[in-house]
Amino acid sequence: MEITCPSGLSGRVRGMKAREERILADRKLAKNGGQIEQILAACWEETLDPGPYGFGLDPPNWSEVLVGDRFYALLQIRARSYGPSYEFSVPCSNRDCRARIEWELDLRELPVRQLSVESREALLSGRPFRTMLPEAARAVEFRLLRGADEQRMSAQRRAAGEKPLTTAMALRIANIEGVDTKDKTRFLEDLEMSDVTFLLGEFDRVDCGVETEIEVECPECLSITQVDLPFEKGFFLPQRKRPSAESSSSSHR
């Protein structure tokens with residue numbers, strides 16, 4: 001199957017094979033974020049266009065590929081392996097209800113944001129983006145995230161405990177005006193939430209990738225719940241549906 005990632009990187013991918021199950025079962029890879037890397041490497045068959053990357057028609061160096069491209073390719077591999085339908089459940093956000101919402105969607109219908117001209121130029125030149133925090137009135141330089149950052153972020157989030165947001169922000173920010181590198185995390189922890197929201201918006205503005213925020217409707221109270229699409233164990237190892245008693249008995253007639 002041919003795919004074109006948000007940056008323009010294109011190639012042929014295949015579905016997962018039985019031997020890739022060991023990657024999913026490897027707890028060490030799960031902890032250090034290496035599962036995604038190995039699945040992408042195993043299922044990417046051929047590079048047709050390297051897009052903005054410098055590896056030519058060789059297999060991608062996935063640690064250098066943008067997070068948005070990696071995730072898009074991963075979704076296509078999952079859809080090729082098990083079909084595009086993805087089932088999951090989330091709790092209703094209505095406090096007076098809290099019913100479990102069973103939901104199903106087509107992964108191919110998730111909106112995809114392409115890499116902008118500005119972001120492509122930044123990627124090719126290696127220069128950071130620059131913005132000004134409204135409340136703190138300090139300039140901040142930040143960069144696009146690649147696969148190697150994703151693995152570091154996974155490890156640092158586990159070590160951070162209750163501070164995953166500031167840990168992730170610190171990893172992405174290259175420089176804060178007037179703040180020493182060793183004081184970066186402390187500065188971010190003291191930021192006004194209005195500045196945090198602004199900064200996250202700036203990150204979203206330059207990123208490419210798949211939009212995973214969706215709305216689901218509760219069948220009990222009809223409330224709309226906005227969720228970030230959950231990617232749990234069943235994403236790559238969906239549960240096999242057991243035949244109902246009725247269908248089972250009819251098959252033995």
Side-chain angles (χ1 to χ4, degrees), residues 1-88 103-115 119-120 123 144-155 207-214 228-243:
M1 178 174 73
E2 292 186 13
I3 66 169
T4 300
C5 299
S7 73
L9 167 67
S10 67
R12 289 191 178 91
V13 298
R14 63 165 173 81
M16 292 172 58
K17 297 184 178 181
R19 62 173 172 265
E20 267 90 63
E21 186 176 2
R22 63 178 174 77
I23 298 174
L24 301 174
D26 192 316
R27 293 184 179 181
K28 184 177 180 181
L29 287 176
K31 288 183 178 180
N32 64 24
Q35 285 178 323
I36 293 176
E37 197 97 355
Q38 291 208 18
I39 290 172
L40 289 170
C43 297
W44 186 273
E45 294 189 306
E46 181 184 5
T47 301
L48 301 175
D49 186 334
Y53 304 109
F55 44 70
L57 297 181
D58 291 335
N61 176 359
W62 290 105
S63 64
E64 291 301 313
V65 173
L66 293 176
V67 168
D69 280 347
R70 284 161 56 97
F71 186 61
Y72 178 84
L74 199 65
L75 282 185
Q76 307 315 307
I77 291 169
R78 196 277 183 191
R80 186 73 178 86
S81 302
Y82 302 110
S85 178
Y86 179 45
E87 299 177 12
F88 60 93
W103 204 257
E104 180 178 350
L105 58 74
D106 188 326
L107 295 172
R108 298 169 302 183
E109 295 178 356
L110 291 171
V112 178
R113 192 184 333 150
Q114 305 300 321
L115 188 70
S119 296
R120 184 184 177 92
L123 180 65
L144 296 168
L145 288 180
R146 304 185 188 225
D149 299 312
E150 196 170 40
Q151 291 196 41
R152 282 195 293 270
M153 191 179 298
S154 177
D207 281 341
C208 66
V210 181
E211 300 284 356
T212 58
E213 193 172 87
I214 63 171
D228 202 33
L229 193 61
F231 295 99
E232 302 165 343
K233 182 180 178 181
F235 181 68
F236 270 121
L237 289 172
Q239 295 293 315
R240 289 182 289 274
K241 293 182 178 180
R242 295 181 179 179

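One is the number of the first residue; the rest follow in order along the sequence.
Exactly one of Trp44, Phe55, Phe71, Tyr53 qualifies for a ring-ring contact (aromatic ring centres under 6.0 Å, His included) with Trp62. That residue is Trp44.
For Arg80 (side chain) and Leu75 (main-chain N/O), no donor-acceptor pair under 3.5 Å exists by modelled atom type. Panel note: side chain Thr47, backbone Asp58; a donor-acceptor pair is recorded below 3.5 Å. Side-chain atoms of Tyr86 do not come within 3.5 Å of backbone N or O of Ala79 as any donor-acceptor pair. In this structure a side-chain-to-backbone donor-acceptor pair under 3.5 Å is present from Arg146 to Glu64. Looking at Arg113, its side chain does come within 3.5 Å of a backbone N or O of Asp207 through a donor-acceptor pair.
The side chain to side chain donor-acceptor pair (under 3.5 Å) check on Ser63 picks up Asn61, with sequence neighbours excluded. In this view, Ser81 satisfies the side chain to side chain donor-acceptor pair (under 3.5 Å) rule with no residue, not counting sequence neighbours. Evaluation of the side chain to side chain donor-acceptor pair (under 3.5 Å) rule for Asp49 yields no partner, not counting sequence neighbours.
Taken from CD1 in Ile3 to CD1 in Ile77, the straight-line distance is 6.5 Å, to the nearest 0.5 Å. Interatomic distance, CG of Leu57 versus CD of Glu46, reported as 8.0 Å (0.5 Å rounding). A distance of 12.0 Å separates CG in Leu110 from CD in Glu213, rounded to the nearest 0.5 Å. Interatomic distance, Gln35 CD to Glu20 CD, rounded to the nearest 0.5 Å: 12.5 Å. Rounding to the nearest 0.5 Å gives a distance of 5.0 Å between CG of Leu229 and CD1 of Ile214. Between atom CG of residue Asp69 and atom CG of residue Leu74 there is a gap of 12.0 Å, rounded to the nearest 0.5 Å.
Between Leu105 and Phe88, some side-chain heavy-atom pair lies under the 4.5 Å cut-off.
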Begin with the C-alpha distance, continue with both residues' side-chain angles, and end with the deciding distance and a verdict on side-chain contact (heavy atoms from CB on, under 4.5 Å) for Arg14 and Cys43. CA-CA 5 Å; Arg14 63 165 173 81; Cys43 297; 3.8 Å; yes

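Nearest approach of Cys208 to Leu66, heavy atoms of both residues: SG-CD1, 4.1 Å. Here the shortest heavy-atom pairing between Val65 and Arg70 reads O-CD, 3.4 Å. Nearest heavy-atom pair, Val67 versus Gly147, reported as atom, atom and distance to 0.1 Å: CG2-N, 4.5 Å. Listed here is the closest heavy atom pair of Leu40 and Ala73: CD2-CB, 3.8 Å.
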